[in-house]
Amino acid sequence: MDNRSIGVFDSGLGGLTAVKEIMKLFPDESIVYFGDTSRVPYGTRSKEMILKYTHSDINFLLSRGVKMIVIACGTASSAALPEIKQEFSVPIYGVVDAAVYSAVRATRNKKIGIIGTTATIRSGAYTAYIKEYDESIETFERACPLFVPLVENGHFDTKVTELVIDEYLSEIRAAGVDTLILGCTHYPLLRNAIARYMGDEVRLISPGEEVADFLKKKINEENRHSHERDERQYSYFVSDSVESFTELGGVFLEKEIDGQVSRIDIEKY
Ligand code: DGL
């Protein structure tokens, strides 16, 4: 038993799609969320900057005494996690391993599509993990830099979204993939539009759902459950406006933000 909180972070709001799934699977667990809203997006940054930001995000969560950390950001998980994992003593889980684990089990024709931010696709992390499981799986990757601004501006399923989806996904669809990894935690909000475009036979893998399932396995194996439902707390921290996080966060979480939202100076960590 371990009553400390689960720490989760993202460059901004996208990680709340993972928090939503973690809350569903772990109703007794306290969660500390950090959204680095003053430095978002990470997806267009160099690897050095993403490493620096990821370090400070982890240091901040450690200062809150968390028992484990979930990097609910496709970009930080793929560009930074493999290098920094060993530097910290708490377990740190990213969305890449979790999504790949499901994707390699889901594919029947061994053709997997991967979409993500520019930095995620540049890292090659998804394909590298997939090949570790099965060298014979073919991957088709595409950076989709306009997806994050579409989501942040509420274009979940509009004509503009349809046009951009066609621009980014036509080659992946033509390649005949039967599984598509939504390699960024913002993308589940485009799920309906992407699913319609790709067709019923293509399985979409959402990083938030997969990382929550993965966490369940880990928490069970290591007996790190919390048993303090009455004491359970959700706290949210951001590095920019509390108001806009509170307003928009509910859309990602699919319910109102229920917990204290505070602003911190992330440059200190
Ligand atoms: N949520 C981030 C991710 O999963 C995307 C936003 C960003 O570029 O920072 O990659």
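Hydrogens, waters and symmetry mates are skipped; everything else that's a heavy atom, side chains included, is used. First listed ligand is number 1; within each ligand, the first listed atom is number 1.
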Do Phe34 and Phe9 have ring centroids that are under 6.0 Å from one another?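 Ring centroids of Phe9 and Phe34 are no less than 6.0 Å from each other.
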
Tell me the protein heavy atom at minimum distance from [atom], and give that distance in Å.
atom: atom 5 (C) of ligand 1; result: Cys184 SG, 3.4 Å
atom: atom 10 (O) of ligand 1; result: Thr75 OG1, 2.6 Å
atom: atom 8 (O) of ligand 1; result: Gly43 N, 2.8 Å

Which bit of Asp10 gets closer than 4.0 Å to ligand 1, counting heavy atoms only: side chain, backbone, both or neither?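 Only the side chain of Asp10 comes within reach of ligand 1.
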
Is there any N or O on [X] that sits under 3.5 Å from an N or O of ligand 1?
X: Gly74; value: yes
X: Tyr42; value: yes
X: Ser11; value: yes
X: Thr185; value: yes

Would you verify whether the NZ or CZ of Arg105 falls within 45 degrees of the ring axis of Tyr101 while also being under 6.0 Å from that six-membered ring's centre?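 Yes, a cation-pi geometry.
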
So does Lys217 have more than 12 non-hydrogen atoms from other groups sitting under 6.0 Å from NZ?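 For Lys217, atom NZ is crowded (more than 12 foreign heavy atoms under 6.0 Å).
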
Checking side-chain polar atoms at under 3.5 Å, does [X] have a donor or acceptor matched by the opposite partner on [Y]?
X: Thr75; Y: Thr117; result: yes
X: Gln233; Y: Ser30; result: no
X: Tyr234; Y: Asp258; result: no

